[in-house]
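Structure first, then comments.
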Amino acid sequence: MSAESPAELQFENLERQRYAATLGVWVFLGTEVMFFAALITAYTAYRIYFPEAFSQCSHHMERWVATFETASLLTSSLFMVLAVHATKLGRRPAAALFLLLTVLGGLAFLVMHGHEYWTDWREGGLPGRYYHLEEIRAAGAPMFYASYFFTTGLHSLHVLVGIGLICSMIKRTIQGTLTPEKHNLLEGVGLYWHFVDMVWVFLYPLFYLVP
Amino acid sequence: MSSAEEVSYLFAQRGWRSWFFTHDHKRIALLYLAVVSLMLMLAGTFALLLRLELLTPEKTLFEAVTYNRLFTLHGVGMVWLFMIPAIPSVFGNFLLPLMIGAHDVAFPRLNLASWYVYVVGALIVLGAMVAGGTDTGWTFYTPYSTTTPREVIPVLFGVFVIGFSSIMTSLNFIVTTHTLRAEGMGWMRMPLFVWAIYGTSVIQVIATPILGITLSLVALESFLGTGIFDPARGGDPVLFQHLFWFYSHPAVYIMVLPGMGVVSELLPTLCHRPPSSYRSIVYSTFGISFVGFLAWGHHMFVSGMSVVNAAFFGLASMLVAIFTAIKIFSWVSTMYEGEIVFNAPLVYLLGFIFLMVFGGMTGVALATVGLDPHWHDTYFVVAHFHFIMAGPVLLAFLAALHFWFPKMFGKKYSERLSLMGATITFFGFFATFTPQFLLGNMGMPRRYYSYPPKFQWLHVASTMGATVLAAGLVLTLGTLLHALIWGERAAQNPWDSRGYEWDTATPPPEHNYEIIPQITRGPYEPAEPGSARVG
Ligand code: HEM
Ligand SMILES: [Cu+2]
């Protein structure tokens with residue numbers, strides 16, 4: 001056997017342990033899907049109740065900024081794929097570089113999104129009793145913003161966590177503990193990152209592209 | 001090492017750190033057992049206080065608000081602190097690895113973390129109780145829960161935290177079941193209790209996040225006035241009910257499926273006969289897990305629902321009853337022609353089946369759209385869910401505790417006292433809730449601390465029943481504590497069970513098995529002569 005660390009006691013071998021870790025990540029992502037499903041259900045209910053307000057508010061959003069946000073997340077996902085691939089091949093510098101680019105994509109997303117929140121805050125596009133956006137008086141507009149802030153807020157939190165995880169992967173890559181045999185750790189983080197990305201792919205049309 | 005020299009998990013390591021930082025699933029199970037039993041006693045005390053208040057038609061002991069807080073604490077405590085974690089966290093934890101022939105669960109550290117998260121959640125809930133106490137009932141219906149002057153958010157937050165503990169444990173169990181079964185254990189060779197725990201875990205991971213989000217939305221509503229569930233701000237309180245019951249109806253199966261697993265697992269041993277149909281039990285578990293997700297609307301027949309929807313939810317609910325009935329028939333036919341020995345676990349199981357039958361039939365009656373408005377929000381519903389959920393979970397928990405007590409602690413308990421405890425507990429339970437069916441049918445609404453005098457005799461009867469129930473539980477607790485300290489050493493396999501968990505020493509050594517066993521037989525088949533089975 002190579003210098004690989006042995007599997008934990010409860011696993012027959014490392015392969016089984018890896019399989020368990022991957023399965024764990026998938027089940028975890030399943031629970032994450034349900035978190036967002038509940039929020040999207042609430043969104044759907046209110047969009048049906050207040051079609052007019054949802055359309056007006058959506059038009060008021062900074063659609064272009066959001067499009068760039070989408071692009072930067074999608075690109076970062078691509079870099080994540082490349083990073084996993086490079087790790088499997090044992091190309092550590094390349095892997096570190098790709099991970100860094102992934103993080104940058106995530107940061108760009110957060111910066112742009114923070115800018116959006118800031119604008120909304122200034123203009124008064126806020127949830128519930130804090131709503132005071134002059135242009136849109138349609139009933140249900142505060143509801144749109146409640147749904148928007150809570151859903152995208154939870155998503156941004158996920159992006160933040162993802163960035164933290166990827167940073168720790170960079171550290172491991174540089175230290176050399178992320179060997180080709182142990183790539184499944186990175187693969188788990190990668191799955192999570194793709195998931196976060198995919199959620200955004202749903203949120204983007206829901207909040208920015210209402211006809 | 002010969003088995004005589006093997007040190008059991010109880011004494012393999014010493015000192016409090018070896019317990020509070022343990023990664024051993026068996027020790028974690030005992031940590032859960034301690035906390036969960038404490039919660040049962042606390043929530044039970046609240047229930048007794050409620051029953052005392054209801055002895056007289058007007059104020060007996062408490063103000064109305066205090067009464068409301070008490071029933072909230074009783075409900076929240078019993079549902080989230082006792083019934084949901086009880087059987088999976090204690091017996092699932094202890095037995096799942098033993099039953100599938102594994103050294104531990106897949107993620108031992110996550111398992112310990114889950115216990116801490118649970119304890120933190122429980123402390124938050126209890127702290128919130130001391131600090132203010134909420135008066136909404138365990139259902140937290142909006143808009144009341146967002147407008148009541150009492151502090152709801154800390155309690156919501158505690159429940160939210162506990163939800164994460166459920167998710168962590170379930171995730172662990174799912175992965176364990178998939179990846180750690182010993183060689184030769186195909187899916188159709190898993191013990192029925194393992195199936196039940198697996199099914200429960202799947203429901204948990206799907207349903208619990210919905211509860212988390214729903215509770216957070218209520219909290220945000222109080223903080224920011226988002227109005228999502230507040231009709232005065234254009235929100236929809238019925239949406240809250242949909243989200244809440246989308247979790248909470250499946251949650252009733254989260255609570256009762258593990259109990260059903262206990263019954264399915266113990267009956268073959270106690271009746272000395274293989275289960276009459278392994279497959280029907282397994283498939284009905286699937287059925288319940290699936291259809292359980294389609295029935296939530298039956299809590300909302302009077303909340304404004306179209307006739308078509310009501311008919312759908314009514315029928316879907318009745319389907320659940322069919323799957324439950326399949327299990328009951330299967331249990332009864334296992335007992336039929338079995339060699340039944342009357343002992344404490346068996347009395348608990350019989351009580352379980354009895355309550356299931358009557359609770360289930362009243363459920364079908366409630367799911368009948370035309371009948372529900374008469375009973376909705378009355379004591380009839382209270383009696384229904386205590387018959388089908390509270391009672392069976394309690395009885396299954398105690399059955400499991402007695403049956404596996406020797407395995408867990410290596411001690412024998414007094415069969416005579418436990419049999420008495422079991423019988424008293426069952427009759428106390430029956431006497432508490434049977435009058436409540438009558439009360440509900442006569443029109444007594446739930447969650448009131450005063451009532452018209454004509455109801456008094458039934459309330460008194462119910463309170464007397466509750467006293468008997470409490471006496472039974474205290475006797476049982478005393479018996480088990482006595483056994484724990486002074487009990488004789490238990491035999492290796494005192495029930496003469498064929499369950500895999502008895503294949504290792506009693507109580508098991510730290511890592512369960514020295515060598516992972518090869519499974520060459522079905523879970524309820526006798527061991528082949530000459531095989532390595534102990535006892
Ligand atoms: C056998 C199939 C079942 C059917 C058809 C059924 C039907 C119903 C219906 C229609 C209600 C609503 C009554 C109302 O509020 O007006 C109800 C309430 C309830 N049921 Fe069942 N039920 C069944 C099984 C169960 C099981 C197995 C459990 C628990 C393990 C359970 C726990 C509850 C609870 C906790 C409530 C009341 C919740 C509350 O309002 O606080 N039911 N049931
Ligand atoms: Cu239900």
Side-chain angles (χ1 to χ4, degrees), chain A residues 7-50 52-54 126-131 138-151 153-154 157, chain B residues 23 25 97 102-110 163-164 166-168 170-180 182-183 201-202 204-214 216-217 220-221 223-230 233-236 238-240 242-243 246-247 510-512 516:
Chain A
E8 286 181 43
L9 173 78
Q10 67 273 26
F11 295 103
E12 237 173 286
N13 49 38
L14 257 187
E15 198 188 331
R16 204 97 195 118
Q17 179 171 342
R18 273 188 212 133
Y19 170 53
T22 312
L23 187 63
V25 174
W26 278 106
V27 176
F28 167 71
L29 292 183
T31 68
E32 292 273 32
V33 169
M34 294 312 289
F35 274 110
F36 283 99
L39 287 171
I40 291 176
T41 305
Y43 167 91
T44 311
Y46 290 110
R47 180 159 161 186
I48 292 170
Y49 292 147
F50 307 112
E52 186 50 35
F54 270 55
L126 292 168
R129 68 169 90 93
Y130 300 101
Y131 181 85
M143 211 64 91
F144 176 90
Y145 278 98
S147 175
Y148 165 73
F149 270 101
F150 197 36
T151 314
L154 187 67
L157 209 64
Chain B
H23 291 166
H25 66 101
H103 291 304
D104 206 322
V105 292
F107 307 121
R109 262 162 301 172
L110 186 71
F164 278 97
S166 308
I167 291 177
M168 287 151 87
S170 306
L171 186 150
N172 214 341
F173 288 172
I174 291 175
V175 176
T176 304
T177 313
H178 274 271
T179 57
L180 292 182
E183 204 184 320
S201 303
V202 172
Q204 292 249 58
V205 295
I206 297 175
T208 315
I210 307 282
L211 177 76
I213 288 293
T214 310
S216 323
L217 287 174
L220 275 197
E221 173 132 5
F223 276 140
L224 302 177
T226 46
I228 287 188
F229 300 132
D230 181 1
R233 292 173 179 274
D236 183 359
V238 178
L239 178 65
F240 171 85
H242 277 294
L243 291 173
F246 182 84
Y247 163 80
E510 193 175 6
H511 295 299
N512 301 347
I516 292 297

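First the proteins, then the strands, lettered A, B, ... as listed; each starts at 1. Values reported hereafter were calculated over all heavy atoms of this structure, with side chains retained and with hydrogens, waters and symmetry mates removed.
There is no contact between A:Q17 and chain B, counting heavy-atom distances below 4.5 Å. Within the 4.5 angstrom heavy-atom criterion, no atom of B:A102 approaches chain A. Using a 4.5 Å cut-off between heavy atoms, B:Y247 makes no contact with chain A at all. When heavy atoms are compared at a cutoff of 4.5 Å, B:V202 does not approach chain A at all. Neither the backbone nor the side chain of A:A139 has a heavy atom closer than 4.5 Å to any heavy atom of chain B. For A:Y131, no part lies near chain B; criterion is any non-hydrogen pair under 4.5 Å. Residue A:L126 does not touch chain B at all, counting heavy-atom pairs closer than 4.5 Å. Within the 4.5 angstrom heavy-atom criterion, only side-chain atoms of B:L220, from C-beta onward, approach chain A. For chain A, the nearby part of B:I167 is the side chain; its heavy atoms alone come within less than 4.5 Å. Heavy atoms of B:L239 lying under 4.5 Å from chain A belong exclusively to its side chain. When heavy atoms are compared at a cutoff of 4.5 Å, B:D230 does not approach chain A at all. Only the side chain of A:Y46 has a heavy atom closer than 4.5 Å to any heavy atom of chain B.
Looking only at distances, no side-chain donor or acceptor of B:T226 sits under 3.5 Å from a matching main-chain atom of A:G128. Listed for the A:R16 side chain is no donor-acceptor partner under 3.5 Å among the backbone atoms of B:L180. Of the possible polar contacts, one joining the B:E221 side chain to the B:F229 backbone as a donor-acceptor pair under 3.5 Å is found. Remark: side-chain polar atoms of B:H103 are paired, donor with acceptor, to backbone N or O of B:H511 under 3.5 angstrom.
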Less than 3.5 Å apart, which donor and acceptor atoms pair up between the side chains of residues 26-40 of chain A and the rest of the protein, not counting sequence neighbours?
residue : atom : partner : partner atom : Å
A:T31   : OG1  : A:F28   : O            : 2.6
A:E32   : OE1  : A:H158  : NE2          : 2.8
A:E32   : OE2  : A:H158  : NE2          : 2.9

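A:Y130 and A:Y145 have their aromatic ring centers separated by at least 6.0 angstrom.
Looking at every heavy atom in both residues, B:P108 comes nearest to A:Q10 through CD-NE2, 3.1 Å.
Under the 3.5 Å distance criterion, with hydrogens and angles disregarded, a donor-acceptor pair is assigned to the side chains of B:N512 and B:H25.
Ranked by heavy-atom pairs under 4.5 Å with chain A, the first of B:T208, B:L217, B:T214 is B:L217. Counting heavy-atom pairs under 4.5 Å between each of B:D236, B:T176, B:D104 and chain A puts B:D236 at the top.
Within 6.0 Å of atom CZ in A:R129, more than 12 heavy atoms from other residues, nucleotides or ligands are found, so the atom counts as buried in its surroundings.
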